[in-house]
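Everything below concerns the one structure shown next.
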Protein chains: 2
Amino acid sequence: MSVLQRNHLMIIQEVAREGSLTAAGARLNLTQPALSHAVRKIEMQLGVKIWRREGRSLILTQAGQWLLSLANRLLPQFSLAEERLEQFANGERGTLRIGMECHPCYQWLLNVVSPYLERWPKVDVDVRQKFQFGGIGAILSNEIDILVTPDPLYKPGLNFTPVFDYELVLVVGSGHRLYGVDRVTPEQLADETLITYPVPSERLDIYTQFLQPAGIAPRQQKQIETTDIMLVMVAHGRGVAALPRWLVDEYAPRFDLHSVRLGETGIAKQIFLGRRETDADVQYLTDFIGFAADPKD
Amino acid sequence: MSVLQRNHLMIIQEVAREGSLTAAGARLNLTQPALSHAVRKIEMQLGVKIWRREGRSLILTQAGQWLLSLANRLLPQFSLAEERLEQFANGERGTLRIGMECHPCYQWLLNVVSPYLERWPKVDVDVRQKFQFGGIGAILSNEIDILVTPDPLYKPGLNFTPVFDYELVLVVGSGHRLYGVDRVTPEQLADETLITYPVPSERLDIYTQFLQPAGIAPRQQKQIETTDIMLVMVAHGRGVAALPRWLVDEYAPRFDLHSVRLGETGIAKQIFLGRRETDADVQYLTDFIGFAADPKD
DNA sequence: TTATAATGATGAATATAAATGATATTTTTT
DNA sequence: AAAAAATATCATTTATATTCATCATTATAA
């Protein structure tokens, strides 16, 4: 079927470069008879004269010259491919597909990804946020490689690592009646407008861990995609929101915001990174978790 | 050394397309065990996981996907190369390098080359006119494939075919004193200005076969490269020239020229095409000589 | 020119790699 | 649970490459 092989191109190229079978053989780690046979067989199989023998030197025919230019074009691509494969093998190259099940973590993620990209110049990072069968489904079906989530679901084949703790607090703007207050009860939110990310309320801790146990619902709920806008809204008194304390602290100097503890003890949260156990030996993946657990900046 | 082979790419591509080893095997004319082995060996040699086994189907890993895109890029080039080689083998493709040792023949050559290019769409024609070691040297050293010459030099390894006969005549313009004359003697040219191509006089038949035998030299000699200009000069009475009769006939309607026989019997010439005997089986080359000997237009 | 060193060609022997058939194992379907 | 379909594995055969030893040819130097 297919007769033209990579070796053939290598032989054509090397013989042309060195001008002799013996020299070309040395470079290809072959003996001279091996090349002599190979050369004959190539011509036989391709059905074309590739070399003209003048004295004891081989000179390319037209077909041979054409093949040489082909070789010069294709062979570097093979070499490059092998380099790349080695990088894949060493876990130096790949795409790290991160799935996010934690909206405010986006901010935090950026701080981890930046130094990571420096460290792994050949690794690309891709962040995804929507999964048909949930984050766990996405990681099990190989849709993503790492899952950032506050809800580890211990399943065989999966592996979760806690990367940071934070407290979920209520954010209020400067003109708000709760501004300056230390802690808040569920009842105090009954008359508020609550701003949240656009996800079902059973995935929002402010509901599951604070309001619902007390049987309270806020007067109104607004859904906003991005954290920045959400905080601008809060700063201008259009509502209150539940966010990580570190996030509020980060924005406070710009927007004049205030954090209020939710209940007596506050709501403590933890973020986990999940990955497949089969990826245990993928360097760039393991290393990402290292970066996440212990940020370098 | 080099592990990534064309087969490997073919297997990766075919397995990805068919989704099963059995089906891919059928398309590659291999049995299923052969592929099963091959697949394992490829991964082993490359040192990278290329497929993930889910149930009994093989799914490409990142490295595998990368290899697949490589395969899609490189494999067509191999196929194309093999097509081209077949054309080389069948003598359908190549460059026909024609060497010219006969200035006025350029006109004639164009009439042969046009239909020839139609017939052999994949053959390129290249015409050369200057050779360091003469036309014979050029053809022997593979610098050209066909030599157009009035002087066949029978050498072992070379093969000459006469392609057309013509008479070398003297051309004069309408106001010239020889206009309308039937034949001319060498003595009658002693007072003329002779226009020739810029080559040594020993390569001009008007000298070697007409003037020198009679010990005559023209009053003046002018050298001009192109036939058109030469004839314009002749038409305007700036001199006379020795050219093939058919060439003069071709220009006569435009320039009002007259041909005069050189001597009693005229100078008969013949043009030959020379080629190497080793090229006897190169179809497109043999065919060119056919076209030249028996023009189709 | 002749001797000499270097190179290519050739054939038999060997080593390596690839493909096969039979069969076991796994996964999917019913 | 049984049947069907696919893959994996093994021993064997077949095909392909490589080498060694040797000869023939060609270039180089004496």
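The sequence lines fix the lettering, A, B, ..., with proteins before strands; numbering per chain opens at 1. All heavy atoms count here, side chains included; hydrogens, waters and symmetry mates do not.
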Could you check how far [atom1] of [X] sits from [atom2] of [N], rounded to whole Å?
X	N	atom1	atom2	result
A:L21	D:dT25	CG	C1'	14 Å
A:L30	D:dA17	CG	P	12 Å
B:L28	C:dT20	CG	P	11 Å
A:H37	D:dA21	NE2	C1'	12 Å
B:R56	C:dA24	CZ	C1'	15 Å
A:M44	C:dA9	CE	P	15 Å
A:E18	C:dT7	CD	C1'	14 Å
B:Q5	D:dT16	CD	C1'	13 Å

Report task. Please determine, for the side chain of B:R53, which listed nucleotide (C:dA9, C:dG8, D:dA8) has the closest atom? Result -> D:dA8
Report task. Assign each of A:P33 and A:S57 to its nearest nucleotide of DNA chain D by heavy atoms, then name whichever residue's nucleotide is nearer the 5' end. Result ->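 That would be A:P33.
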Would you indicate what [X] reaches in the nucleic acid, counting non-hydrogen atoms under 4.0 angstrom: base, sugar-phosphate, or nothing?
X	result
B:L58	nothing
A:S36	base
B:L35	nothing

Query raised in the report: Considering the options B:R93, B:E92, B:E82, which one meets the side chain to side chain donor-acceptor pair (under 3.5 Å) requirement together with B:Q87?
Result: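 Testing B:Q87 for a side chain to side chain donor-acceptor pair (under 3.5 Å) against B:R93, B:E92, B:E82 leaves exactly one candidate, B:R93.
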Query raised in the report: For the base of D:dA8, is there a side-chain donor-acceptor partner from B:Q32 under 3.5 Å away?
Result: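 Under the 3.5 Å cut-off, the side chain and the base do form a donor-acceptor pair.
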Query raised in the report: Backbone N or O of A:W51 within a donor-acceptor pair of the A:E43 side chain at under 3.5 Å?
Result: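 Confirmed, A:E43 side chain pairs with A:W51 backbone.
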Query raised in the report: Under the 3.5 angstrom rule, does the side chain of A:Y116 hit a backbone N or O of A:Y284 as a donor-acceptor pair?
Result: yes
[N], OP1 or OP2 - any side-chain N/O from [X] closer than 4.0 Å?
X	N	result
A:T31	D:dC20	no
A:R40	C:dT10	yes
B:K41	C:dA17	no
B:T22	D:dT7	yes

Requested in this report: State, with a plain yes or no, whether a side-chain heavy atom of A:F288 is found less than 4.5 Å away from one of A:V113.
Outcome: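 Yes, close enough: below the 4.5 Å cut-off.
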Query raised in the report: Do B:R56 and B:S20 get their side chains close enough for a donor-acceptor pair, meaning under 3.5 Å?
Result: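 Per modelled atom types, B:R56 and B:S20 side chains form no pair under 3.5 Å.
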